[in-house]
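Reckoned from all heavy atoms, side chains included, excluding hydrogens, waters and symmetry mates. Within every chain, numbering begins at 1; the chains are lettered A, B, ... in the order of the sequence lines, protein sequences first and strands thereafter.
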Amino acid sequence: MNNINLNKNNTNLFKLDFADERVDGADKVTGKAKYTAEYNLPNMAYGVFVTSTIAKGTIKNIDTAKALSSPGVLDVIYYANCPSVPGYLTNAAERPKNVSEWRGHKVLYDNQVRFFGQPIALIVADSLENANAAIRLVRAEYESQAFETNFDVVRKDPAKLKGTVAYKRGTENAFKSAPVFVEAEYAIPAEVHLPMEMHASIAFWEGEDKVTLYDKTQGPKSTQTSIARTFGLQDKNVRVIAENVGGGFGSGLRSWANVPAAVIAAKKLNRPVKIVLTRPQMFSLVGYRPQSWQKIGIGADASGRFIGITHEAISGTSRYEDFREGIVNVSKFLYASENVDTKYSLLPLDMSTPVWMRGPGEATGSYGLESAIDELSYKLKMDPIELRLKNFTTINPENKMSFSDINLKDCYAYGQEKIGWKNRPSTPGTLKENGWLIGYGMANGVFGAGKGSASVRALLNKEGKLTLECAVSDMGPGTTTSMTIIAANAMQMPIEKVKFKLGDSDLPPGPSQGGSGTTSTVGSAVDLACSTLKQNLKDLAIKLAPAFANLKSDALDVKNEMVLAIADPNIKITIVDLLQLSPDKQLDLTIASSGKTAEQLKFTSNSFSSHYVKVAVNPKDGTIKILQVVTTGDAGKIISPKTARSQMIGGVVGGIGMALTEQLEMDHVSGQIINASFGAYHVPLHSQIPPTDVWFVDKPDVNMNSIGAKGIGEIALIGFAAAVTNAVYNATGKRVRDLPITPAKLGFKAKA
Amino acid sequence: MNPCQFDGARRGFFKKSAAVAALYLTPSVLVKTFAADSLVPMPIAKENLKFILNGKPVALEIDARTTMLNLLREEIGYTGTKKGCEMGQCGACTIHVNGKRIKSCTQLALNHQNNQITTIEGLAKGDQLHPMQAAFLKNDAFQCGYCTSGQIMSAVACVREGKATSRTSIQAYMDTNICRCGAYQNIVDAIVEVAKSGAKI
């Protein structure tokens, strides 16, 4: 499979022994790293939202008089006094040419309430204390309307569904013709990203048509575009800075109400305005993983070969915007099955709009698929790993293309060994340790591995220090570190002399950090920039250094901060000396790297994962303890082993939350979220985390990109929840099909 | 911690606080009828505050409503202490007051007259990282870095208070500090390493 000849100039495959600590780590452990809300501009004012106390209806009146008379309050901005925003106009004919309509809820624009907790006014004051004190002085009168927030009830009415997309390969419902099949429904509640840093924006107009924004975003360029199009500004006049991003998990993939609100307020008051959301607002204003329902049918012949998979799904969205994701996608291609049919519909509710949350739809869908396969394995009386091996394929059955690389079999071998799979009881509920029921479970994850466009500037200065720049962001995976490693490796120079700058839309364009694409996309651009830089250095040596005059560039190498002749290492010149000879005394180039090459496009690329879990369940009360986790990743070359491992253990923690604790809870009488705090929405804590063993195949996928690397962020989570629920079934013989598995759902009777 | 000294101006402030607090406890039906109308804008009470911040005396006049967290971040510009919830639930704002860890988001700054406050900025000695900071860096005990200040302040307190005797006891002590990136295993590794080293912290 690995017979593709890569462009020689663009190949810097790895051998690497650098100190592996995060290059920006010292700033983070000393508190020096600055996050969005931490910039204080002269004369800055503070904005806080007043939010709706009904779920749907019309605001008849907002009384702002008392708030305006409260000390320090500068303004209360709402629909009646909000300056016009060109991108808020719904009629395309009225919008200027360089303006597009704002996507989603237009904050402060009209008197309509679309969800409980929607911002209806922005108080701007000279201090945070003064702004907060005025919130309760604003009084709104509403005319309420009937609303729907109860997904479980509303989804049963087919008339309420929309946007149905169907797919069919072979025969529909073929699973029913199989000698052995299962059909089951799986439910996942809405879950919330909750990065530790709350979303925040600081807007500052530097002139009539020029604005600078400090914003918590996963995409400085996408925020720039969004604000430029909404306010009718030129891209170059909108600068977005996101130097450090305190987590995101998807919530920072689009601009939410705080962004235009800060821009509007800063313009209206002609001074910088900072808006920081509160933790409760983080539950309702910056997206969430939509609630979902799935029904999966899967059938096999006696040998375990899949006859057919049928996957139906519904996920929630807002009334005012459609959000759809890849819930049914994995069922189409991860396993060999001639017959697959899927159907996916949206269910509009009177809630805010969801957004991709780590693993996005694939994490939702894999919970269903990997659970159903586990259920089938018991019916077949077959080991679930063996069942997956029976249906292993190196050809993607959906598009009939070869996977660029797939090493799931290695993951199975490692995972089985390390978790102690041989101790797994084939009959569930039969193994006990110290009075607790013990079970083992596994599940797979898969996510598309892309490579998009990015530009990188490389500046090699007269001191021989290399600075690279790209307008990407780093919300935690360690992009700054990975890019530095790629460059130092490509240039064969000390990592201390390389600096990677990101988090500023003024830098050369890069992608939003999402969909596990950053390392592949930006890493390829960094690699290409370094290859170009090396070529330029060789050319300079031949042109300017007499010793190289008769040599060809392919006879030269660049390493250890020198250009040298491969055949005779005595012919050499340091980069610093060489640059001294050059007219500019430095090299400064910006290159653009595009998507996959024609050769790479002959393959279909994915990252894969396989997770193994050992659980203990207390038969007295259903308490679930995860005892041990082994998680394996097949994601090409691992660029930065230390940060990659951290991403995997982070995915495990997220998956534990999904499986056992996380659930957004609504009161359907008022339409409001009732657990909008860390005290009531339970994210995993220290004491819930088992010893976790991380292993990577760590083999370059040479059909993918020049660095051989694929993404990790999503596969770390995708499939993990099913590994837990499968283990709980193995321990107890009780199959819970709606997440999270709480002790009560297991139905053990507590005895006094 | 020092109890508040009740001078005249302060009493005035607390009276008003009590009135507002009473409103919160009133049944919702009653609130509907008079809450917004009975609330009136409150004048700003300015107060003098003195305390020791990372070994250096600080004296300033503050808005009496200011929390210690907001004072550090918004007024003094020490943004190493993080805001994660403002409800005392996530631990991102953990600081040390007179040697004990405390969540600064739920503390009125005025309650800390003459106290010794240590923040993340006060741990390192110049360029020399505190052993816990060095261990966090070495063990990659964070991803985004936002909860890290609070985790480190709690971790230092964990070792100082003699709670770092086993992974289980460390985890129990550290349950006050949420890490959404999920670096928990590495955080415990870092604390174990520091505790085992016997380094004076």
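Judged by distance alone, with hydrogens and angles left aside, the side-chain atoms of A:Glu21 form no donor-acceptor pair with the main-chain N or O of B:Leu137 at under 3.5 Å. Looking only at distances, a side-chain donor or acceptor of B:Gln133 sits under 3.5 Å from a matching main-chain atom of A:Val29.
Salt bridge present: B:Lys82 and A:Glu38 bring a charged side-chain N and a carboxylate O closer than 4.0 Å.
In this structure, the portion of A:Val653 lying under 4.5 Å from any heavy atom of chain B is its side chain and not its backbone. Contact of B:Thr148 with chain A is made through the side chain alone, with heavy-atom distances under 4.5 Å. The parts of A:Asn130 that come within reach of chain B are both its backbone and its side chain, each placing non-hydrogen atoms under 4.5 angstrom from that chain. Looking at B:Asp175, both its backbone and its side chain come within 4.5 Å of chain A, counting heavy atoms on both sides. Using a 4.5 Å cut-off between heavy atoms, A:Leu128 contacts chain B through its side chain alone, with no backbone atom that close. At a 4.5 Å heavy-atom cutoff, the contact between B:Leu129 and chain A is made by side-chain atoms alone. At a 4.5 Å heavy-atom cutoff, the contact between A:Lys274 and chain B is made by side-chain atoms alone. No part of B:Leu123 comes within reach of chain A, as not one of its non-hydrogen atoms sits under 4.5 angstrom from that chain. Residue contact with chain A, scored on non-hydrogen atoms closer than 4.5 Å, involves the side chain of B:Asp63 exclusively. Only the side chain of B:Met87 has a heavy atom closer than 4.5 Å to any heavy atom of chain A. The contact between A:Ala676 and chain B is made entirely by backbone atoms, counting heavy-atom distances below 4.5 Å.
A:Asn132 and B:Arg65 form no side-chain donor-acceptor contact under 3.5 Å, judged by distance and modelled atom types alone. Between B:Gln151 and A:His686, the side chains place a donor N or O and an acceptor N or O closer than 3.5 Å (distance only, hydrogens not considered). No donor-acceptor contact under 3.5 angstrom links the side chains of A:Asn40 and B:Arg73, judged on distance only. Between the side chains of B:Tyr184 and A:Gln688, no donor N or O sits under 3.5 Å from an acceptor N or O. Side chains of B:Asp140 and A:Thr643: no donor on one and acceptor on the other come within 3.5 Å.
The most heavy-atom pairs under 4.5 Å with chain A, out of B:Ser149, B:Gly80, B:Cys85, come from B:Cys85. Residue with the most contacts toward chain B among A:Ile649, A:Asp63, A:Val245: A:Ile649 (heavy-atom pairs, distance under 4.5 Å). Note on B:Asn177, B:Asn70, B:Thr67: by heavy-atom pairs under 4.5 Å with chain A, the leading option is B:Asn70. Among A:Ser677, A:Pro690, A:Ala33, the residue with the largest count of heavy-atom pairs under 4.5 Å with chain B is A:Ser677. Comparing B:Thr176, B:Ile178, B:Ile152, B:Thr81 by heavy-atom pairs within less than 4.5 Å of chain A, the highest count is held by B:Ile178. Interface remark: of the candidates B:Gly122, B:Ala183, B:Pro41, B:Ala92, B:Pro41 forms the most heavy-atom pairs closer than 4.5 Å to chain A.
You'll find the side chain of A:Phe249 reaches within 4.5 Å of the side chain of B:Cys181, heavy atoms only. Two residues are said to be in side-chain contact when any heavy atoms from C-beta on lie closer than 4.5 Å; B:Glu86 and A:Pro280 fail this criterion.
A distance of 13.5 Å separates CE in A:Met196 from CD in B:Gln143, rounded to the nearest 0.5 Å. We find the CD1-CD distance between A:Ile689 and B:Gln185 to be 9.0 Å, quoted to the nearest 0.5 Å. Separation of atoms CG (A:Leu685) and SG (B:Cys90) is listed at 11.0 Å; rounding is to 0.5 Å. We find the CD-OG1 distance between B:Glu121 and A:Thr30 to be 8.5 Å, quoted to the nearest 0.5 Å. Rounding to the nearest 0.5 Å gives a distance of 6.5 Å between SG of B:Cys144 and NZ of A:Lys28. Rounded to the nearest 0.5 Å, atoms NZ (B:Lys83) and CE (A:Met198) are 6.0 Å apart.
No option in A:Ser70, A:Pro71, A:Ser127 other than A:Pro71 meets the side-chain contact (heavy atoms from CB on, under 4.5 Å) test with B:Ile44.
Counting heavy atoms of neighbouring residues, nucleotides and ligands inside a 6.0 Å radius, atom NZ of A:Lys642 exceeds 12 of them. Shown here is B:Gln128, whose CD atom has no more than 12 heavy atoms of other residues, nucleotides or ligands within 6.0 Å. In the displayed structure, B:Asp127 atom CG is contacted under 6.0 Å by at most 12 heavy atoms of other residues, nucleotides or ligands.
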After noting the C-alpha distance and the side-chain angles of A:Glu662 and B:Arg180, does the key distance pass the salt bridge (Lys or Arg N to Asp or Glu O under 4.0 Å) rule?
CA-CA 12 Å; A:Glu662 294 187 36; B:Arg180 190 58 164 154; 2.7 Å; yes

